[in-house]
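First up is the structure itself, then whatever we jot down about it.
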Amino acid sequence: MTNKITTLGGFIYEYQKSVSHPEDFWSSIAETFYWQKKFDKVLEWDFEKPDVKWFLNGKLNITENIFERHMFERKNQPALIWEPNNPKEKEKVYTYKELYDEVRVFANMLLSKGIRKGDRVVIYLPMIPELTIAMLACARIGAIHSVIFAGFSVNAVADRVKDAGAKMIITADGGYRGTKTIPLKEIIDEAMDNCDCNSVKNILVIKRTGQKVAFMEDRDVWLEDALKGISKENDAEVMESEDPLFILYTSGSTGQPKGLVHSTAGYMVYTSYSFKNIFQYSDGDVFFCSADIGWITGHSYIVYGPLLAGATTVMYEGTPTYPDAGRFWDIVEKYKVNQFYTAPTAIRALMGYGQKPFEGKDLSSLKVLGSVGEPINEEAWHWYHDFVGQSRCPIVDTWWQTETGGIMISPLAGITPTKPAYATLPFVGVQPAIMNGDGKEQSGKSVEGNLCIKFPWPGMARTVWGDHKRYKKTYFSQYKGYYFTGDGVKRDEDGYYRILGRVDDVINVSGHRLGTAEIENAINEHPLVVESAVVGYPHKVKGQGIFAFVVCQELSTGGVEGIKTSVKKAVEKIIGPIARPDEIRLVEGLPKTRSGKIMRRILRKIAEGGTKDFGDTTTLLDPGIVDSIIENECEKKYQKKDKKK
Ligand code: PRX
């Protein structure tokens with residue numbers, strides 16, 4: 001396999017080269033891809049503007065680099081293995097040739113529906129093969145896909161469809177997740193009723209669950225009808241290196257999610273190269289990432305990275321515990337998985353089931369284990385290492401973000417010596433910087449601060465869809481000339497990096513990134529709620545749980561518990577079940593400064609169970625509110641009233 005680092009010395013050498021001569025370095029990697037016209041300049045950048053361009057004036061199509069480039073060698077090799085939710089249903093295996101045909105037919109169908117280069121197509125699908133096919137079909141014709149996680153609900157979907165100005169939505173009648181069936185088409189219909197998304201001309205519906213759905217003539221069409229008579233002959237659209245490949249929405253400190261835009265060539269080079277090296281993928285291996293394609297992990301390491309590298313990638317429709325907690329290990333055994341990539345929250349959940357789910361399962365095919373999405377605590381790391389990896393598989397704790405496109409800090413499997421809970425060293429081409437409170441970069445070892453990146457890498461997002469100012473403000477304004485990640489970090493005496501978690505108002509619940517403001521907005525839509533403040537707190541399985549402090553008007557029927565349940569339901573309906581608060585405390589008021597700012601650190605402390613040492617509280621408008629919240633006075637008052645009734 002080309003461009004594969006195989007020793008620690010090789011890694012150190014390549015890293016140094018990537019820092020001292022980044023353009024030569026990335027150019028030599030990019031040259032191994034198939035270009036319709038080769039780039040004539042490697043990089044142009046300015047982090048102050050900000051403006052980043054890679055592989056300038058190159059022309060290519062990413063799907064030609066997945067299919068045409070591999071066809072001679074890999075025609076009959078499985079590209080995509082799909083494992084259904086229900087283990088009794090038959091799996092589907094697509095070879096490179098079969099997937100190629102599916103993608104081209106789908107691409108022609110999109111063209112027949114009037115979709116053209118640059119149009120946005122929202123994909124709201126369960127984890128079925130058509131999700132991968134639809135993404136690649138969009139890429140084939142130059143349409144920009146925007147996948148929305150199928151666990152998001154009405155308002156979250158509506159906001160994203162509207163912001164993207166989507167011309168088409170691709171969805172399914174419903175989706176299976178464990179024992180649940182999610183009414184996807186119904187959610188889309190409701191989202192369309194709730195927003196003036198006039199840009200949407202067609203809704204393409206795939207049959208998965210067979211449940212009854214409403215159909216709007218002229219707008220809605222079944223996939224099977226749309227595909228009738230469509231040929232598979234298709235020439236890939238010519239794309240410029242910097243043409244957008246996809247938009248993926250993520251949460252930030254403010255209420256409105258941001259649509260990060262990823263480019264064609266840079267993303268291609270970075271995901272493929274990082275995939276091969278970090279997971280040490282070898283020809284013939286089977287790679288299984290358990291993430292959902294609705295998140296960046298699935299985009300980069302189920303779909304693009306593996307397929308660009310000519311790998312066999314497994315996509316699983318269901319949950320880790322359906323029909324029982326041994327399901328991942330069944331999949332590993334069934335397909336002889338070599339590299340397995342999951343999130344600490346899944347590991348912690350499975351730890352709770354002990355050793356039984358492993359009994360009789362053959363995990364000997366495993367060579368590498370990966371972790372992503374949140375800090376992995378030492379206990380989970382050891383369990384993963386000892387029981388899943390049977391003490392012989394290296395763990396790659398991979399730190400990265402939706403914005404970075406690919407893995408940024410991580411060991412190379414079996415090459416970089418690991419340390420539990422450390423993402424270890426920056427990947428090739430990545431130049432981290434740790435900033436102190438004065439906004440200065442700290443050199444040397446044993447330092448802690450905010451994590452920035454000081455030099456561009458090909459996989460980075462280029463802008464926020466429709467709002468470049470926001471891109472600048474969010475990532476490039478805190479530290480002049482640096483990309484700011486939003487994470488805290490420590491570099492130890494060995495120069496190893498340990499990610500400490502978010503330093504902004506973003507919380508990480510079961511590896512899902514949620515903005516506290518987004519959840520607050522949803523809570524505040526409840527008719528009895530005056531205002532609210534949401535904070536994260538340590539949670540044994542989820543990493544962080546959601547704690548909501550809610551100010552209500554007088555309670556109506558249902559009392560304290562009634563209102564808590566209805567607030568949770570409202571959040572589920574507006575954003576989705578992932579954003580449902582774990583804890584709600586009704587309060588008389590929030591701790592605000594005289595200028596009206598909520599002092600979240602106090603609420604964080606209370607959510608953790610703290611009752612004192614709140615630091616400087618002299619700027620609080622009403623210091624008495626803190627004791628009242630700790631004592632839970634508001635709920636006690638309501639409960640007393642309820643009893644009287
Ligand atoms: O806080 C970091 C955490 O997840 C955030 C990025 O979330 P998202 O854009 O949804 O992408 C998740 C998957 C790439 C980061 O800012 N995070 C991600 N990986 C790790 C991590 N925290 C600690 N260790 C990791 N390995």
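Both ligands and their constituent atoms are indexed starting at 1 by order of listing. Side-chain atoms are counted along with the backbone in the values below, which use heavy atoms only and exclude waters and symmetry mates.
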Check ring pair (Phe, Tyr, Trp, His ring centres under 6.0 Å) between Tyr475 and all other residues, then give those that pass, not counting sequence neighbours.
Tyr471, Tyr483
Under 6.0 Å between ring centres, would you say that holds for His299 and Phe246?
yes
By ring pair (Phe, Tyr, Trp, His ring centres under 6.0 Å), His385 pairs with (sequence neighbours left out) Trp381
Charged N-O contact under 4.0 Å between Arg513 and Asp504
no
Residue pairs, two or more places apart or on separate chains, that pass side chain to side chain donor-acceptor pair (under 3.5 Å) and touch residues 256-268
Ser263-Arg462, Tyr267-Ser300
With distance as the sole test, does Asn508 use its side chain to make a donor-acceptor pair with the main-chain N or O of Gly373 at under 3.5 Å?
yes
For ligand 1, what is the set of protein residues having any non-hydrogen atom at a distance below 4.0 Å?
Ile296, Thr297, Val372, Gly373, Glu374, Pro375, Asp397, Thr398, Trp399, Trp400, Gln401, Thr402, Asp487, Ile499, Arg502, Asn508, Arg513
